[in-house]
*Asks:* 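My questions all concern the structure below.
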Amino acid sequence: MKLPLKIGITLPQVGQQATRENIIQMANLAEKEGLNSLWVFERLLWPLHPQTPYPGSSDGSLPAESQIVLDPLETLTYVAANTNKIALGTSVIDMLFHNPVILAKRFATLDVLSEGRIIAGLGIGWSKDEYQASNIPFKNRGRRADEFIQALKKIWTDDVVEFNGECYSIPASKIGPKPIQKPHIPLYMGGFSENTYSRIVNYDANGWLGGIGGPLEYLEDTVKTIKDKAKRANKDPNNFKVTLLTSPKIFDSKSKTTNEEGKRFPLTGTIDEIGKDVKRIKEIGISHIIFGFNFLPVGADIDTIVEIKKQLSKFAR
């Protein structure tokens with residue numbers, strides 16, 4: 001028998017809703033209601049003239065809310081001090097904008113202070129503007145990411161850390177603290193490319209932190225791709241989990257849920273329609289689903305968000 005889906009929710013860390021009071025209210029309500037996790041993301045810039053179109057909108061423009069984004073790890077540190085047991089995750093931090101030693105120590109410190117509640121979701125980013133601001137080359141970012149993951153895991157696990165790569169180099173050193181979680185903080189990779197899926201398997205990440213980019217068949221195919229890569233690498237495919245970030249768009253009538261072709265986008269529709277999608281997601285083999293509301297009109301209404309979560313949770317059992 002499959003276990004119930006773990007359920008997470010995003011914290012209100014963007015736009016005008018990103019206040020101290022809202023963050024704590026959401027965190028405390030989520031923990032009280034028995035949610036499994038709280039999530040944040042990273043956005044460095046809202047460029048006036050983007051060099052790279054935003055992939056999440058039809059016209060390539062970033063959501064206006066992204067002009068104000070609380071730092072992810074500082075936000076989780078504050079939440080860790082005001083909660084007791086709920087897991088705290090990043091979905092995602094763009095690792096290449098950071099130094100691997102510094103980022104590893106920040107995650108490990110937070111794991112210690114939260115008593116082992118951290119989930120590290122990492123990506124490589126897509127914005128040339130953010131790469132420019134970080135003074136990191138946009139070219140060869142995949143190779144840089146491969147080294148970053150290897151260095152990060154060494155810092156978290158090795159007594160004496162030494163790394164000699166083309167992009168990163170660490171002299172033989174003692175680097176602490178080590179995370180409470182063993183062998184290391186759960187590590188998930190975000191992205192939608194074959195290289196991302198290969199990176200997960202090649203460097204033994206805990207799994208994929210994905211999203212819905214089309215019909216649920218696409219999601220099913222991605223899960224199968226990762227498992228097939230694991231089998232070809234003689235690794236146990238069950239060692240690679242999937243956490244899914246979603247943005248449920250709820251309507252009170254079925255007539256509003258389909259496009260001109262009569263098709264409904266997953267996680268869009270009535271509560272019952274979205275609930276059926278959640279059940280299908282569980283059947284596909286997803287282990288953890290995150291409901292994100294930061295860029296939806298309901299995002300400023302924390303009580304409504306928690307109520308929606310309650311209604312959808314019954315479909316995850």
Side-chain angles (χ1 to χ4, degrees), residues 41-45 51-52 71-73 89-112 118-210 225-226 229-230 232-236 239-241 243:
F41 73 102
E42 182 172 54
R43 176 95 287 123
L44 298 187
L45 307 171
Q51 299 176 57
T52 314
D71 181 88
L73 291 183
T90 60
S91 176
V92 294
I93 282 181
D94 295 318
M95 57 185 161
L96 302 186
F97 305 155
H98 302 267
N99 173 286
V101 176
I102 295 173
L103 188 62
K105 283 175 67 71
R106 293 180 73 197
F107 267 115
T109 299
L110 187 47
D111 200 54
V112 170
I118 301 307
I119 304 170
L122 303 179
I124 66 173
W126 52 269
S127 168
K128 289 183 179 179
D129 297 284
E130 292 187 329
Y131 270 87
Q132 180 179 327
S134 302
N135 198 29
I136 297 295
F138 192 72
K139 187 178 180 181
N140 296 324
R141 58 194 185 278
R143 187 173 68 212
R144 185 177 290 270
D146 290 342
E147 287 193 12
F148 198 108
I149 293 299
Q150 295 174 75
L152 196 72
K153 292 180 70 174
K154 278 181 170 291
I155 295 164
W156 284 342
T157 59
D158 289 1
D159 180 46
V160 175
V161 181
E162 185 172 13
F163 188 82
N164 296 294
E166 294 181 20
C167 304
Y168 300 105
S169 181
I170 304 171
S173 306
K174 296 271 190 171
I175 303 177
K178 301 302 182 187
I180 286 181
Q181 298 180 87
K182 304 300 179 187
H184 54 72
I185 293 168
L187 179 61
Y188 287 77
M189 299 299 302
F192 295 91
S193 71
E194 286 285 334
N195 289 336
T196 296
Y197 312 143
S198 295
R199 188 170 297 119
I200 290 166
V201 173
N202 292 342
Y203 302 110
D204 293 301
N206 292 80
W208 179 51
L209 212 168
T225 295
I226 295 171
K229 286 180 179 291
R232 289 197 295 271
N234 294 317
K235 296 180 179 181
D236 185 351
N239 288 342
F240 302 95
K241 308 298 183 183
T243 295

*Asks:* Contact between F107 and T90 at the side-chain level, heavy atoms closer than 4.5 Å - yes or no?
*Replies:* yes

*Asks:* I'd like to check the salt bridge (charged side-chain N to carboxylate O under 4.0 Å, His left out) partners of K154; sequence neighbours left out, ordered by chain and number.
*Replies:* D158

*Asks:* Below 4.5 Å, heavy atoms only, C-beta onward: do I149 and M189 meet side chain to side chain?
*Replies:* yes

*Asks:* Indicate the atoms forming the closest heavy-atom contact of V201 with A230, along with that distance.
*Replies:* CG1-CA, 3.8 Å

*Asks:* Would you give the length of the straight line joining atom CG of L152 to atom CG of L122, rounded to the nearest 0.5 angstrom?
*Replies:* 6.5 Å

*Asks:* Nearest 0.5 angstrom please: I124 CD1 to I93 CD1, how far?
*Replies:* 15.5 Å

*Asks:* I'd like to check the side-chain hydrogen bond (donor to acceptor under 3.5 Å, both in side chains) partners of K235; sequence neighbours left out, ordered by chain and number.
*Replies:* D204

*Asks:* Could you state the interatomic distance from OG1 (T157) to CD1 (I185), rounded to the nearest 0.5 Å?
*Replies:* 11.5 Å

*Asks:* I'd like to check the side-chain contact (heavy atoms from CB on, under 4.5 Å) partners of R143; sequence neighbours left out, ordered by chain and number.
*Replies:* N140, E166

*Asks:* Kindly give the heavy-atom pair with the smallest separation between M95 and F148, and that separation in Å.
*Replies:* O-CE1, 3.2 Å

*Asks:* Check whether W156 reaches the backbone of A104 with its side chain - one donor and one acceptor, N or O, closer than 3.5 Å.
*Replies:* yes

*Asks:* Backbone N or O of L96 within a donor-acceptor pair of the D94 side chain at under 3.5 Å?
*Replies:* no

*Asks:* Quick one: side-chain contact (heavy atoms from CB on, under 4.5 Å) partners of D129, sequence neighbours excluded?
*Replies:* L45, P47, P50, Q51, S127

*Asks:* Could you check whether any side-chain heavy atom of I170 comes within less than 4.5 Å of a side-chain heavy atom of I155, counting everything from C-beta outward?
*Replies:* yes

*Asks:* After noting the C-alpha distance and the side-chain angles of Y131 and F97, does the key distance pass the ring-ring contact (aromatic ring centres under 6.0 Å, His included) rule?
*Replies:* CA-CA 7 Å; Y131 270 87; F97 305 155; 5.0 Å; yes

*Asks:* Look at atom CG of N135 and say whether more than 12 heavy atoms of other residues, nucleotides or ligands are closer to it than 6.0 Å.
*Replies:* no

*Asks:* Flag yes if more than 12 heavy atoms outside K139 fall under 6.0 Å of its NZ atom; otherwise flag no.
*Replies:* no

*Asks:* N206: which residues meet the side-chain hydrogen bond (donor to acceptor under 3.5 Å, both in side chains) condition with it, sequence neighbours left out?
*Replies:* none

*Asks:* Between atom CD1 of I136 and atom CD of E130, what is the distance when rounded to the nearest 0.5 Å?
*Replies:* 12.5 Å

*Asks:* Kindly indicate, with the supporting measurements, whether the criterion ring-ring contact (aromatic ring centres under 6.0 Å, His included) is fulfilled by F240 and W208.
*Replies:* CA-CA 7 Å; F240 302 95; W208 179 51; over 10 Å; no

*Asks:* Are the side chain of K153 and the backbone of Y203 linked by a donor-acceptor contact shorter than 3.5 Å?
*Replies:* yes

*Asks:* Are the side chains of L103 and L73 in touch, meaning some heavy atoms are under 4.5 Å apart?
*Replies:* yes

*Asks:* Just by distance, do the side chain of Q181 and the backbone of I118 share a donor-acceptor pair under 3.5 Å?
*Replies:* yes

*Asks:* May I ask you to decide if G176's main-chain N or O and K105's side chain share a donor-acceptor pair within less than 3.5 Å?
*Replies:* yes

*Asks:* Check whether any side-chain heavy atom of V161 sits under 4.5 Å from a side-chain heavy atom of V101, and report yes or no.
*Replies:* no

*Asks:* For the backbone of G121 and the side chain of S91, can you confirm whether one donor and one acceptor N or O come within less than 3.5 Å of each other?
*Replies:* no

*Asks:* Go through the structure and list residues passing side-chain contact (heavy atoms from CB on, under 4.5 Å) with S169, not counting sequence neighbours.
*Replies:* N164

*Asks:* Tell me, with the steps shown, if Y188 and K241 meet side chain to side chain contact (heavy atoms under 4.5 Å, CB included).
*Replies:* CA-CA 9 Å; Y188 287 77; K241 308 298 183 183; 3.7 Å; yes

